[in-house]
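Remarks on the structure that follows.
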Amino acid sequence: MDIIRVKDLVKKFGSFVANDHLTFHVEEGEIFGFLGANGAGKTTVMRILCGLSAPTSGEIMVAGYNVYKEREKIKQNIGYMSQKFSLYEDLTVSENIRLYAGIYGMRKKEILNREDELLERLKMEEIKNKFIRDIPLGWRQKLAFSVAIFHQPRIVFLDEPTGGVDPITRRQFWEMIHEATKEGITVFVTTHYMDEAEYCDRVTIMVDGRIADLDTPRKLKEKYNAKNMNEVFLKLARKAKNGDDK
Amino acid sequence: MSFVINNISKSYEETRALRDVSFETNEGELFGLIGPDGAGKTSLFRILATLIFPDEGDASVKGFDIRKDFREIRKILGYMPGRFSLYHDLSVKENLEFYATVFGTTIAENYDLIKDIYAHIEPFENRLAGKLSGGMKQKLALSCALIHRPDVLILDEPTTGVDAVSRKEFWDMLKRIQKEGITILVSTPYMDEAALCDRVGLIQHGKLLSVSKPGDLRFDEAMILYSFRCKSGIYEYLSKIRGLQGCSSAFLFGDEIHLLVNGKKEAEELERAIKGWNVPALSLKQITPGIEDYFMALMKSEKHDDLMSEEH
């Protein structure tokens, strides 16, 4: 089943075309990678799919809801996490969990029940009253992801979730992503680490506001006669004329 | 010797940002300091740029002491901080002119040094710096750091958050700057950039774990690294492999699993065990460690558990 369906998505900012007739779908339960150079239009797509920004034109359905009319419904069915902003530094671990759960519309009783379970799973019981600013970055990222899926959304959007973290934490993070998909959550993720593109079921590569290609990592590597996804990316993205400097 | 760092330590309240760090860079070298966020890279760079003092230890830049001779150091050093710190409300050209003037020079005098870089943004000379894209800001910041033709250049995570194509371009620029005889000290969280440096220092939790040429990274004799590949569903094998006796760690690496085994005998047994699983299209072979394998092995030996209490 398709959990995201995008047909002819166009988004313009004045005369600048950020997304130029994009058509793709995301299957329920898959890890869908979204790659592209800075300025290729990735964030714009993600904002539209999350119901934060209205498209200029196109038919877009997320979790069965229409992005023009049912944005609030969409927000209730998704989770979101980014590297740049995820948790409140001057709130404690526990306060962050409760705050986000409340924002995502969970009931107080359910929050209290599941909070302990989450803290135990993350082995964070002892630090639940520590401020976020006082815990290491790797722990924050794992907590931020757990908070984003705490309300059991159907889709979670991850915007460069692993920037700057150490290589072990980065891999543990991806193991958490794999575990989440086992529970049926669909993952839509952007990254600058090309080895992480290999962990996706399918990968989209955006160049200059268009989809340059979309397929499984294996098929992309075969098609472009590339050793790894980095080579695939460089081959496609180098063709970009205005990727970064517009 | 361009940078000489002796037993530098630095703490912020309870956080120990740098712990007894020592190393030296050679004249004209491109030296990479590689480690995740919070490793202490920025603190070290700020000390060398004479912006903060260390609590303990000493350091010099081109023979000038960071405490006594900070005025001299500032004349010969170019510094590009991690956060964009040019004037948003000045134009591209005004920023460059400002930096040239501060250092008592002119754009014309050193134009040849920055030409390759500045040419990319010259068409937008009159645009306000705050309105530039990320890649253009990066090029302007580098131009400003170079405009007084420094002997040594410190770049704090110039490629963080930058896509793979722009990262490659940036490293090509660094190689050209190095050819001008400028010593470059650069930090990055991207392990794959290590291969582009003459030597790399690996840093984590304020401790320098190792310094070596990128090609010289080797494990202990006894440690054997394998690459495991299969047709599909590789993630499902991860916990199975971790459960094998003799396997000291196993992690996903793109479309492979890298597994580390301690001991030759253990390796043979583990190989036999995996081959007994009848994995479709199995490929299992010994490989030489890459920078990430190496870094991860060093991290593990650093005792993960006590970091929480010690670090913060």
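Using a 4.0 Å cut-off between charged nitrogen and carboxylate oxygen, E175(A) and R242(B) count as a salt-bridge pair.
For chain A, no part of E13(B) is nearby; none of its heavy atoms comes within less than 4.5 Å. With a 4.5 angstrom heavy-atom cutoff, L238(B) touches chain A only via side-chain atoms. Only the side chain of K182(A) comes within contact range of chain B, with heavy atoms under 4.5 Å apart.
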Begin from the C-alpha positions of V165(B) and L234(A) and carry the test side chain to side chain contact (heavy atoms under 4.5 Å, CB included) through to its verdict.
-> CA-CA 6 Å; V165(B) 176; L234(A) 288 176; 3.8 Å; yes

Let me see the working for D255(B) and K221(A) under side chain to side chain contact (heavy atoms under 4.5 Å, CB included), right down to the final yes or no.
-> CA-CA 11 Å; D255(B) 61 354; K221(A) 283 184 283 183; 2.7 Å; yes

Would E292(B) and R171(A) count as a side chain to side chain contact (heavy atoms under 4.5 Å, CB included) if you check the C-alpha gap in whole Å, the side-chain angles of each, and the deciding distance to 0.1 Å?
-> CA-CA 11 Å; E292(B) 277 202 317; R171(A) 286 172 174 79; 2.7 Å; yes

Give the intermediate values and the outcome of side chain to side chain contact (heavy atoms under 4.5 Å, CB included) for residues D195(A) and F253(B).
-> CA-CA 7 Å; D195(A) 59 329; F253(B) 266 76; 5.7 Å; no

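Side-chain contact check for P167(A) versus M299(B): some heavy-atom pair is nearer than 4.5 Å.
From E196(A), atom CD reaches atom CG of L252(B) across 10.5 Å, with rounding to the nearest 0.5 Å. For the atom pair CZ (R167(B)) and CG (N230(A)), the distance works out to 7.5 Å, reported to the nearest 0.5 Å. Within the model, atoms CG of D166(A) and CD1 of I34(B) stand 14.0 Å from one another, a figure rounded to the nearest 0.5 Å.
For the pair S232(B) and R218(A), the tightest heavy-atom approach, listed with the atom from each and the gap, is N-NH2, 4.4 Å. The shortest non-hydrogen separation linking P189(B) to Y193(A) is O-OH, 4.2 Å.
In this structure, the side chain of Y190(B) does not engage the main chain of G164(A) through any donor-acceptor pair within 3.5 Å.
Surrounding NZ of K219(A) are at most 12 heavy atoms belonging to other residues, nucleotides or ligands under 6.0 Å away. Surrounding CG of N225(A) are at most 12 heavy atoms belonging to other residues, nucleotides or ligands under 6.0 Å away. Counting heavy atoms of neighbouring residues, nucleotides and ligands inside a 6.0 Å radius, atom CD of E126(A) does not exceed 12 of them.
Ring geometry for H178(A) against Y235(B) counts as parallel: the plane angle stays under 30°, on a 0 to 90° scale with 60° as the upper cut.
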